[in-house]
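In what follows, residues are counted from 1 in the order of the sequence shown. These numbers come from the heavy atoms of this one structure, side chains and all, not from hydrogens, waters or symmetry mates. What you see is a predicted model, and the numbers here were worked out from it, not measured in a lab.
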Amino acid sequence: MDGSRDWRLSGQEKYLFGATLIPSDYTRDRVLIDSPWENDQCEFCRAEFLKENFPDVLHHGYRTANGLHWICSDCFRDFHAMFLWKVASHPDAPTR
């Protein structure tokens, strides 16, 4: 995939290139306590991660170790080679 023309790319390499990502169930507990946000979005396509069961929200994805950056499965598949991501195992990894 030639990511140079993909609308989802907007400088994420500055903080996600070579990152280790953990496949995880989404939970708000990983976000900083003082965060004003009630949800997270995919760093690329802006798909919404929520703990609640609403239509069109994600409940599983890939996160950075600190839980501040989330990536949906589709964007992970599309960009993992370009960003040289490593995948770490984690106890709450979604089953496939």
Side-chain angles (χ1 to χ4, degrees):
M1 167 182 214
D2 177 13
S4 63
R5 296 192 177 129
D6 195 301
W7 65 270
R8 297 171 291 177
L9 294 173
S10 60
Q12 296 94 335
E13 70 279 354
K14 295 172 189 161
Y15 55 95
L16 287 174
F17 186 82
T20 297
L21 301 177
I22 303 167
S24 298
D25 292 333
Y26 181 73
T27 176
R28 186 76 172 84
D29 300 337
R30 289 191 184 93
V31 180
L32 294 174
I33 274 292
D34 62 352
S35 172
W37 310 118
E38 295 181 11
N39 66 337
D40 286 287
Q41 294 179 333
C42 174
E43 292 293 323
F44 294 88
C45 69
R46 307 320 252 172
E48 190 170 31
F49 287 92
L50 271 175
K51 198 170 180 181
E52 293 77 22
N53 197 16
F54 294 119
D56 300 323
V57 299
L58 303 174
H59 302 286
H60 309 287
Y62 295 82
R63 65 173 175 86
T64 54
N66 62 9
L68 293 177
H69 304 288
W70 284 83
I71 300 165
C72 74
S73 295
D74 290 341
C75 290
F76 175 84
R77 182 189 64 239
D78 292 346
F79 297 118
H80 76 275
M82 177 187 299
F83 279 77
L84 301 176
W85 289 325
K86 300 164 210 62
V87 178
S89 61
H90 194 269
D92 69 348
T95 56
R96 294 188 187 239

Exercise. Sequence neighbours left out, what passes ring pair (Phe, Tyr, Trp, His ring centres under 6.0 Å) with F17? Give chain and number order.
Key: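 F17: no ring pair (Phe, Tyr, Trp, His ring centres under 6.0 Å) contacts found.
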
Under a 3.5 Å distance rule, please check whether [X] uses its side chain to pair with a backbone N or O of [Y] as donor and acceptor.
X	Y	result
H59	L50	yes
R63	A65	yes
E43	Q12	no

Quiz item: How are the rings of F44 and F83 set relative to one another: parallel (under 30°), tilted (30 to 60°) or perpendicular (over 60°)?
Solution: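 Correct class here is perpendicular.
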
Exercise. Run the numbers on L9 and M82 for side chain to side chain contact (heavy atoms under 4.5 Å, CB included), then give the verdict.
Key: CA-CA 11 Å; L9 294 173; M82 177 187 299; 4.1 Å; yes

Quiz prompt | Pairwise distance CG(D40) to SG(C72) - rounded to 0.5 angstrom | solution =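 With rounding to 0.5 Å, CG (D40) is 13.0 Å from SG (C72).
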
Quiz item: Can you tell me how far NE2 of H60 sits from CH2 of W70, rounded to the nearest 0.5 angstrom?
Solution: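 Nearest 0.5 Å value for the CH2-NE2 distance: 10.0 Å.
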
Quiz item: Stepwise, does the side chain to side chain contact (heavy atoms under 4.5 Å, CB included) test hold for F79 with L16?
Solution: CA-CA 11 Å; F79 297 118; L16 287 174; over 6 Å; no

Quiz item: For L21, what residues pass the side chain to side chain contact (heavy atoms under 4.5 Å, CB included) criterion, not counting sequence neighbours?
Solution: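 Side chain to side chain contact (heavy atoms under 4.5 Å, CB included) check on L21 returns A19, Y62, T64, I71, F76, W85.
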
Quiz item: Any side-chain heavy-atom pair from Y26 and L58 closer than 4.5 angstrom?
Solution: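 No, their side chains stay 4.5 Å or more apart.
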
Quiz prompt | Within residues 64-74 or reaching into it, pairs that qualify as salt bridge (Lys or Arg N to Asp or Glu O under 4.0 Å) - sequence neighbours excluded | solution =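 Listed once each, the pairs are D74-R77.
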
Quiz item: C45 and C42: which non-hydrogen atoms are nearest, and at how many Å?
Solution: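 Shortest heavy-atom separation between C45 and C42 comes out as N-SG, 3.6 Å.
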
